[in-house]
There are 4 protein chains.
Amino acid sequence: MGAGKTKRMPRAVREQQMLDAAVRIFGQRGYMAASMDEIAELAGVSKPLVYLYLNSKDDLFTACIRREARALTEAVRAGVLPGLSADGQLWSGLRAFFDHTARNPDAWRVLHLHARTHGELFAAEVAVMRAEIVAFVTHLIAAAARDAHRDPHLPEGEVAGLAEALVGAAEALADWAGATEGVTAKQAAATLMNFAWAGLGDLMTGRPWSPPEEPEAAPAPETAPEATTAPEPVARAASAQAG
Amino acid sequence: MGAGKTKRMPRAVREQQMLDAAVRIFGQRGYMAASMDEIAELAGVSKPLVYLYLNSKDDLFTACIRREARALTEAVRAGVLPGLSADGQLWSGLRAFFDHTARNPDAWRVLHLHARTHGELFAAEVAVMRAEIVAFVTHLIAAAARDAHRDPHLPEGEVAGLAEALVGAAEALADWAGATEGVTAKQAAATLMNFAWAGLGDLMTGRPWSPPEEPEAAPAPETAPEATTAPEPVARAASAQAG
Amino acid sequence: MGAGKTKRMPRAVREQQMLDAAVRIFGQRGYMAASMDEIAELAGVSKPLVYLYLNSKDDLFTACIRREARALTEAVRAGVLPGLSADGQLWSGLRAFFDHTARNPDAWRVLHLHARTHGELFAAEVAVMRAEIVAFVTHLIAAAARDAHRDPHLPEGEVAGLAEALVGAAEALADWAGATEGVTAKQAAATLMNFAWAGLGDLMTGRPWSPPEEPEAAPAPETAPEATTAPEPVARAASAQAG
Amino acid sequence: MGAGKTKRMPRAVREQQMLDAAVRIFGQRGYMAASMDEIAELAGVSKPLVYLYLNSKDDLFTACIRREARALTEAVRAGVLPGLSADGQLWSGLRAFFDHTARNPDAWRVLHLHARTHGELFAAEVAVMRAEIVAFVTHLIAAAARDAHRDPHLPEGEVAGLAEALVGAAEALADWAGATEGVTAKQAAATLMNFAWAGLGDLMTGRPWSPPEEPEAAPAPETAPEATTAPEPVARAASAQAG
DNA sequence: GATGAATGAGACTTCATTCAT
DNA sequence: TATGAATGAAGTCTCATTCAT
């Protein structure tokens, strides 16, 4: 039943099918509530085959986490355009992050929700990925500080906290964008960028951060199709990298 | 077994003991991995009594969520000192929030991690609490905007996103403070306050937000026992309401 | 809760309340599915009191069976008018039987359904009652045979079988009357009387049995309010006891 | 354990083994008192396999009822010889009925006792079967009435009652034959046939019904191996179909 | 006379996992 | 490569029954 008799596929392909199914089921049910039966059925194979290839429920979950963690970091890494200023890099990284999470909601749930919920071992897997991202953000913050000619003004531990806050805000907005109708990845990124870079204080005194020109696809920059966050093009000095 | 034979307690007391045990077990294992056996044992009663009083695993979990959600919101509500400026209120609220989560790590895990992980019904329970907090933050942001004489400058939806980001950052910092040795609630609050109010941009140009005078306990403000975040007492205008 | 605080009743009264509740619950749920909790609640007392007075679930069930079996046999015994001919006695006994079962459906279910379903010991209790009734019917049949001047024409074992059949038919009709709207006890009795006394053969050749005059309550015998079974008053010789 | 290790049987076979065991246990203990453990053990398999194949205790019970109800109706249907007169058909049907119930006492208990005792849904399952049999009997009675040239002499509702009485008597006799040493299916059938067709009145005046010639197995009809009920071959007019 | 508090035992059900083919 | 057949272990929940007051 299911997909009929699509038998005899090469191992690598079958494995990916299984992981696809597993990510979906794990993402929707959580680790414990997911059953190997359901995963095998969704993958269109028999349960013993899942065990033959992936060994155990634990290993299967770990494999899911690894694959999706790698996919997410790669997506962000690929999204960050080198050579930009710190805020430009952050902006592009956030865009990539929100794009990826929006496109892979189950994977995002696995990483953000379920992996942290169940067991130190699984949590450690994601912790590695998260640490990598936090490190990247930390580096960006430090770089920005250098750009501002302000030597190690921010103490070590403080920067770590700031990076945590930034990443946490990003995660919450990813959840929020995923749950709220009509919020695009771009809007989420812009909101976060404003929040993080300008801060509420500046936002309220009318000095929001504004995104750089988009060289990617949009041919007509003067009419933003999706209303972005910055109502006033009064760019702050720090973000005007060409200035 | 367990605590010997502390038998025949009035129902109300026993129920609280059970909830205490349940929050602990649920917080450490998650909903599904927690077993009623373990909870009953930790509570020092037999399993049937748990069912007699709390009805089912679902109901027990819901009762935990409700009790802890109420406790957290009450703590925050009680922590926010009325009559302060917007940033003063935010600061005091954050202090209370980080204090409470630091003191009740299992409850925090139940609310933030496990309740959202398992089932729409449980998620809905916390969603109510979270919405309440988000609403409070939203209100603060709007009030601050008014204080800054900038009428509805920030569009509706945008404020919602900012509140989400702020709350998300707070949640992440609560996790982080709970997991990192040597990070106090006060530090976490200060870090977040800086991040949110001043923004990275201002932080790097040397204009951090600074907390108001603490009339509560600290008699000597010039020597902060726990090194707070604000290295330079160059208060921003908005926060210096007395000025 | 429940019936408020109707406390301090004499033991005999309380016991009957408990038996009433038990018969109702047992009758509706069966022995195993009935719970002592439910019985105690319906009786308006606490569970320990039920145990204090009736000792155990088994004993409670046995007490129900005994009380209701005695009530049924007494009702039938009281209904059979002495001095009548055999068919007159059978007719009056059936009337009493169908009346009682119709008025006490739960008791009837306990005796006929549940007591026989659960355990040799309970079955033995009803078996005694049933044997008594079967013996009575057997006696009637034998008496009728004597009246017909046909000495032991029907062999011993055969009469036992006939009595079983007659009682079985009565039981089935009691169930049927209880389940079918608009079938009165009297109709059921008449149907069975016809079936048993005349037999299908005679019924179809137009010689049904007809009930004797009713001296009890009905003042106008020419207009039967409930259409009885005998459409043709062609009484058979055997039933005309006055002849 | 049990029957050693008769492992790896095709599913269809195992299912029948499980149903066999279930009918036996259910028949002896009743629905509620039967435990899945016991059934699985008697079937020689582990409990999970029972659940894998039959899904739940409810479903297992329903499967038992369906299988046995079908078996019983088929047995009766197959036993009724077409082309016979009404009484001939009734006689052959009763023979088949008593044979089947005598040979399958547990199945009979399940259908007659336990299925009606527990839950409307189970009762409905048997009700269908019983209704089918009652309808058959009703049809026979009506056919006999036509044969006797007596047009709709018996009113509609009355025939229903008669059929109920007849079926009820059959059920009681099946129980009785099953419980009484030395009562054969044939004797039970003959007793009921006499009772129903001739009626007590005729029986006592010496005009019993007599069974038709047995073309099946008995070569010597003059010496009945099992003493049948009819002592005198004085056939009644209605039963002598050839005139 | 009456009950709130408490539990040992056992029921149904599910799941991850493995043979044997 | 792939699977139908099978199970040990564990989990949630209910129930009859008893103390201690």
Side-chain angles (χ1 to χ4, degrees), chain A residues 5-11 13-14 32-40 44-53 55-60, chain B residues 5-11 13-15 32-40 44-60, chain C residues 5-11 13-14 32-40 44-53 55-60, chain D residues 5-11 13-15 32-40 44-60:
Chain A
K5 284 285 189 180
T6 340
K7 299 227 271 194
R8 305 281 151 167
M9 321 247 317
R11 170 160 183 159
V13 177
R14 270 280 143 87
M32 291 241 67
S35 92
M36 296 296 273
D37 272 287
E38 207 176 359
I39 292 171
V45 297
S46 71
K47 233 184 330 176
L49 200 60
V50 179
Y51 279 87
L52 187 62
Y53 284 177
N55 212 45
S56 77
K57 195 185 184 182
D58 265 41
D59 287 4
L60 173 57
Chain B
K5 284 283 187 179
T6 338
K7 302 229 267 190
R8 304 279 148 166
M9 321 249 316
R11 174 169 180 153
V13 177
R14 269 280 139 86
E15 269 187 18
M32 291 240 70
S35 92
M36 295 298 274
D37 272 291
E38 205 176 1
I39 290 171
V45 295
S46 70
K47 223 184 337 171
L49 202 59
V50 180
Y51 279 90
L52 188 60
Y53 286 174
L54 274 319
N55 215 42
S56 76
K57 196 184 186 183
D58 262 44
D59 285 5
L60 174 57
Chain C
K5 285 284 188 178
T6 339
K7 299 227 271 196
R8 307 280 152 166
M9 319 247 319
R11 170 159 184 162
V13 177
R14 269 276 144 84
M32 291 243 70
S35 92
M36 296 297 273
D37 273 287
E38 205 177 0
I39 290 171
V45 297
S46 73
K47 231 184 331 175
L49 200 60
V50 179
Y51 278 88
L52 186 62
Y53 284 179
N55 213 45
S56 77
K57 196 185 186 186
D58 264 43
D59 286 4
L60 174 57
Chain D
K5 285 283 191 179
T6 337
K7 300 230 266 191
R8 302 282 149 164
M9 321 248 317
R11 173 169 181 154
V13 176
R14 269 279 139 89
E15 269 187 17
M32 292 242 69
S35 95
M36 296 298 273
D37 273 288
E38 206 176 0
I39 291 171
V45 296
S46 71
K47 223 182 341 171
L49 201 60
V50 179
Y51 278 88
L52 187 61
Y53 286 176
L54 274 320
N55 216 44
S56 78
K57 196 185 185 183
D58 261 46
D59 285 6
L60 175 57

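Labels below follow one simple rule: chain letters A, B, ... track the order of the sequence lines, proteins then strands, and each chain is numbered from 1. All of these numbers come straight from a predicted model, not from anything done at the bench.
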How many whole angstroms separate atom CG of C:Leu52 from atom P of F:dA20?
16 Å

B:Met9 CE to F:dA20 P: how many Å, rounded?
17 Å

What's the CG-P distance between D:Leu49 and E:dC19, to the nearest Å?
17 Å

Using heavy-atom distances to pick each residue's nearest nucleotide on DNA chain E, tell me which of B:Ser46 and D:Pro48 is more 5'.
B:Ser46

C:Arg11 near the nucleic acid: base, sugar-phosphate alone, or nothing, with a heavy-atom cut-off under 4.0 Å?
nothing

List the atom of D:Asp59, the atom of D:Leu54, and the distance in Å for their closest heavy-atom pair.
CB-O, 3.2 Å

To the nearest Å, give me how far apart CD (B:Glu15) and P (E:dG4) are.
15 Å

Kindly say if B:Tyr53 contacts the phosphate of E:dA6, meaning a side-chain N or O under 4.0 Å from OP1 or OP2.
yes

Rounded interatomic separation in angstrom, taking NZ from C:Lys47 and P from E:dT7
14 Å

Heavy atoms only: give me the nearest C:Leu52-C:Arg11 pair and the separation to one decimal.
O-NH2, 4.2 Å

So which one's nearest nucleotide on DNA chain F is more toward 5', B:Ser56 or C:Asn55?
B:Ser56

Against the side chain of C:Met36, the closest entry in F:dA16, F:dT18, F:dA5 is F:dA16

NA contact type, C:Ala34, heavy-atom cut-off 4.0 Å: base, sugar-phosphate, or nothing?
sugar-phosphate

At their closest point, which heavy atom of A:Ser46 faces which heavy atom of A:Ala40, and how far apart are they?
C-CB, 4.1 Å

Euclidean distance, atom CG of residue D:Leu54 to atom C1' of F:dA6 [Å, nearest integer]
15 Å

Just the rounded figure in Å: distance from P of F:dC15 to CG of C:Asp58.
17 Å

Can a side chain N or O of C:Arg14 be found less than 4.0 Å away from OP1 or OP2 on E:dA2?
yes

Of the non-hydrogen atoms in C:Ala34 and C:Lys57, which two are nearest, and what is the gap between them?
O-NZ, 2.9 Å

Would you indicate, yes or no, if E:dT14 has its OP1 or OP2 atom less than 4.0 angstrom from a side-chain nitrogen or oxygen of D:Tyr51?
no

Separation of F:dT12 atom P from B:Glu38 atom CD, nearest Å, is 10 Å

Would you compute the distance between atom CD of D:Glu15 and atom CG of D:Leu49 and round it to the nearest 0.5 angstrom?
9.5 Å

